[in-house]
Amino acid sequence: MNQEINDEALLALLPWYLSGRLDAAERAQVEALLKRSEPARAELETLQGLATAVRAEELERNQHNPVPTELGWARLQRSLAQSAPAAKPARDWWRPSLAAAAALILALQVGILSRPASVESDWQLQSGGAVQQLTGGYRVQLRFVDHAQWKQVRAFLLDVDGLLVDGPSTLGVMQVYVPANSRFADGQAMLSYLQQQPVVQHAALLGQGR
Amino acid sequence: MTEETDAQLLQRMAAGEQSALRLFYDRFHSAVYQFSLRTVNNSADAADVLNAVMLEAWQRAGTFAGQSQVRTWLFSITRNKSVDLLRRKRPSELLDESTQETADGDFCEYSAALELQQQGAQVRQCMDKLKDSHRQVVYLTFFEELAYPDIAEVMGIPLGTVKTRMLHAKQQLLQCLRRLLSKDE
C-alpha cells in the first residue's frame with residue numbers, strides 16, 4: 001500500500017520531471033518509477049504532448065500580445081519621477097497644465113474638439129493652438145471596436161506612439177498620425193500591425209508624410 | 001565580461017542606480033507582462049501590472065532577502081498585483097483559492113500526444129476554460145519551467161496544492177481536448 005501511495009506522489013511530480021526542475025533525490029525516485037511502471041511511462045508521454053502543445057500555444061499568444069517594452073519603460077520612468085520625494089516645496093504651477101490635460105482627455109472621449117483646418121501633406125495635432133507640424137510618419141484612418149474602452153484606446157495610442165489629428169467623427173472614425181520609426185519597415189507593416197490589434201475594427205492608410 | 005546576477009542588480013537598485021533598473025527591466029519585463037496577461041486577460045491591464053511590479057521591485061529591492069530566486073520573488077509580486085487588479089475590477093467573482101479543487105475523477109488515458117501538438121486553437125480554448133489559479137500553475141510549470149516549490153511561493157499556497165492543481169488542470173485540459181477533437185472527427 002505504501003508503494004502505491006508513493007507511486008501516486010511520484011506521478012504528481014512528472015510535470016516537473018519533464019521540465020528538469022526536480023531535485024536529485026526526487027528525480028532518481030521518478031526515474032525508478034518510470035523504469036518499473038508502464039502506466040507511468042504512458043502518463044509521461046501524455047504530459048509531454050500536453051506540455052509541448054501548451055508551450056506552442058503560449059508562444060503564439062505571446063506573439064499576438066507584444067510586450068510594451070519602450071513605452072513600458074517610459075511609463076515606469078514617469079512613475080518613478082512621480083513617486084520620488086519632492087526636493088523642495090512644490091508650487092502650484094503644474095495645476096493649470098494638469099487641468100488642461102484632463103480637459104483634453106475628456107474632450108477626446110466625448111469627441112467635442114473642433115476640427116482643424118484641412119492640411120494637404122503634413123498634419124497637425126487636433127488640439128490646434130500652437131500647431132505642431134507632424135512630418136515623416138503615416139496618416140491612418142481608424143475605427144475602434146464598439147465596446148472599446150477609453151483605457152484600451154489610450155493604451156493602443158501609446159503603444160504605436162499615435163497622435164490623434166482628427167475626429168472622432170459622428171461615425172467614430174478618427175485620423176491618427178503614427179510616426180515612422182525603426183519598429184515598422186514600411187507603411188504596410190505598420191498597417192498590418194494596427195489591423196491585428198483587438199481594439200481596432202478598421203484601419204486604412206491615408207497617406208505618408210514627407 | 002560576466003553578466004551581473006539578478007541579485008547583484010537588485011543590490012544596485014537598492015542603492016538607487018537607475019541603470020540597474022533598466023537592466024533589470026530588460027531582463028524581466030517580458031516574463032512579468034506575459035504572466036500577468038494570463039491572469040488579467042487584457043493588454044492594458046497587463047501593462048498596468050508591469051508598471052506596478054517594476055515600481056515595487058525598485059522600491060523594495062533593498063528588502064529582498066535572497067531566500068528565493070529573484071524571478072520567483074518577482075512572479076510573486078506580479079501575481080499579487082494581478083489578483084489585486086482583478087479583485088478591484090470584478091469583486092464578485094474572484095478568487096476563492098480554497099474552493100473548487102475538484103476534478104471529474106476518472107484518470108484520463110487520452111494519449112494522442114502528437115495530435116495535441118497540432119491543435120493550437122483547441123489548446124487555447126481549453127486553457128481559457130481553466131480557473132485562473134489552475135491556468136497559472138500550468139503556465140508557470142510548462143512555460144516558465146518553475147519548480148513546484150517556487151510556484152508554491154509565487155502563489156502563496158502549500159506544495160501539495162500546487163500538485164493538486166496541476167493534476168486537476170491536466171485532467172480538465174485532456175478532457176476538454178478530447179471533447180473538442182472528437183467533435184472535429
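Comparing B:Leu21, B:Val138, B:Leu50, B:Leu37 by how many heavy-atom pairs each has under 4.5 Å with chain A, the most go to B:Leu21. For the set B:Ala147, B:Pro149, B:Ala44, B:Gly160, the entry with the most heavy-atom pairs within less than 4.5 Å of chain A is B:Ala147. Put simply, of A:Gln152, A:Arg21, A:Arg55, A:Arg154, the one with the most heavy-atom pairs under 4.5 Å next to chain B is A:Arg21. For the set A:Gly72, A:Pro39, A:Ala12, the count of heavy-atom pairs under 4.5 angstrom toward chain B peaks at A:Gly72. Counting heavy-atom pairs under 4.5 Å between each of A:Leu14, A:Asn62, A:Asn65 and chain B puts A:Asn62 at the top.
The part of A:Pro66 that comes within reach of chain B is its backbone (N, CA, C, O), which places non-hydrogen atoms under 4.5 angstrom from that chain. For A:Leu59, the parts lying under 4.5 angstrom from a heavy atom of chain B are both the backbone and the side chain. Heavy-atom distances place the side chain of B:Leu173, and not its backbone, under 4.5 Å from chain A. Interface remark: B:Met54 contributes backbone and side-chain atoms alike to the contact with chain A (heavy atom separation under 4.5 Å). With a threshold of 4.5 angstrom between heavy atoms, A:Leu13 approaches chain B through side-chain atoms but not through N, CA, C or O. Looking at B:Val162, both its backbone and its side chain come within 4.5 Å of chain A, counting heavy atoms on both sides. Only the side chain of B:Gln59 comes within less than 4.5 Å of a heavy atom in chain A; its backbone stays farther off. Only the side chain of A:Glu26 comes within contact range of chain B, with heavy atoms under 4.5 Å apart. Looking at B:Asp150, the atoms closer than 4.5 Å to chain A (heavy atoms on both sides) all sit in the side chain, from C-beta outward. Contact of B:Ile151 with chain A is made through the side chain alone, with heavy-atom distances under 4.5 Å.
Remark: B:Gln67 CD is loosely packed, at most 12 non-hydrogen atoms of other residues, nucleotides or ligands lying under 6.0 Å away.
Between atom CZ of residue B:Arg124 and atom NE2 of residue A:His64 there is a gap of 6.5 Å, rounded to the nearest 0.5 Å. Once rounded to the nearest 0.5 Å, the distance linking CG of B:Leu55 with CZ of A:Arg78 reads 12.5 Å. Distance check: A:Gln77 CD to B:Arg22 CZ gives 7.5 Å after rounding to the nearest 0.5 Å.
Judged purely by atom type and a 3.5 angstrom limit, B:Tyr25 uses its side chain to pair as donor or acceptor with the backbone of A:Trp73. In terms of modelled atom types and a separation under 3.5 Å, the side chain of B:Tyr33 and the main chain of A:Thr69 share no donor-acceptor contact.
Taking the side chain as every heavy atom from C-beta outward, A:Leu47 and B:Phe142 approach each other to under 4.5 Å. With a 4.5 Å cut-off on side-chain heavy atoms, B:His29 and A:Leu76 do not count as touching.
Listed here is the closest heavy atom pair of B:Thr141 and A:Pro15: CG2-CB, 3.8 Å.
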From CA spacing to verdict: side-chain contact (heavy atoms from CB on, under 4.5 Å), B:Tyr148, A:Leu22: CA-CA 8 Å; B:Tyr148 68 90; A:Leu22 293 181; 3.9 Å; yes
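Residues that satisfy the side-chain contact (heavy atoms from CB on, under 4.5 Å) test with A:Glu58, not counting sequence neighbours, are A:Val54, A:Arg61, B:Arg38, B:Met127, B:Tyr139, B:Phe143.
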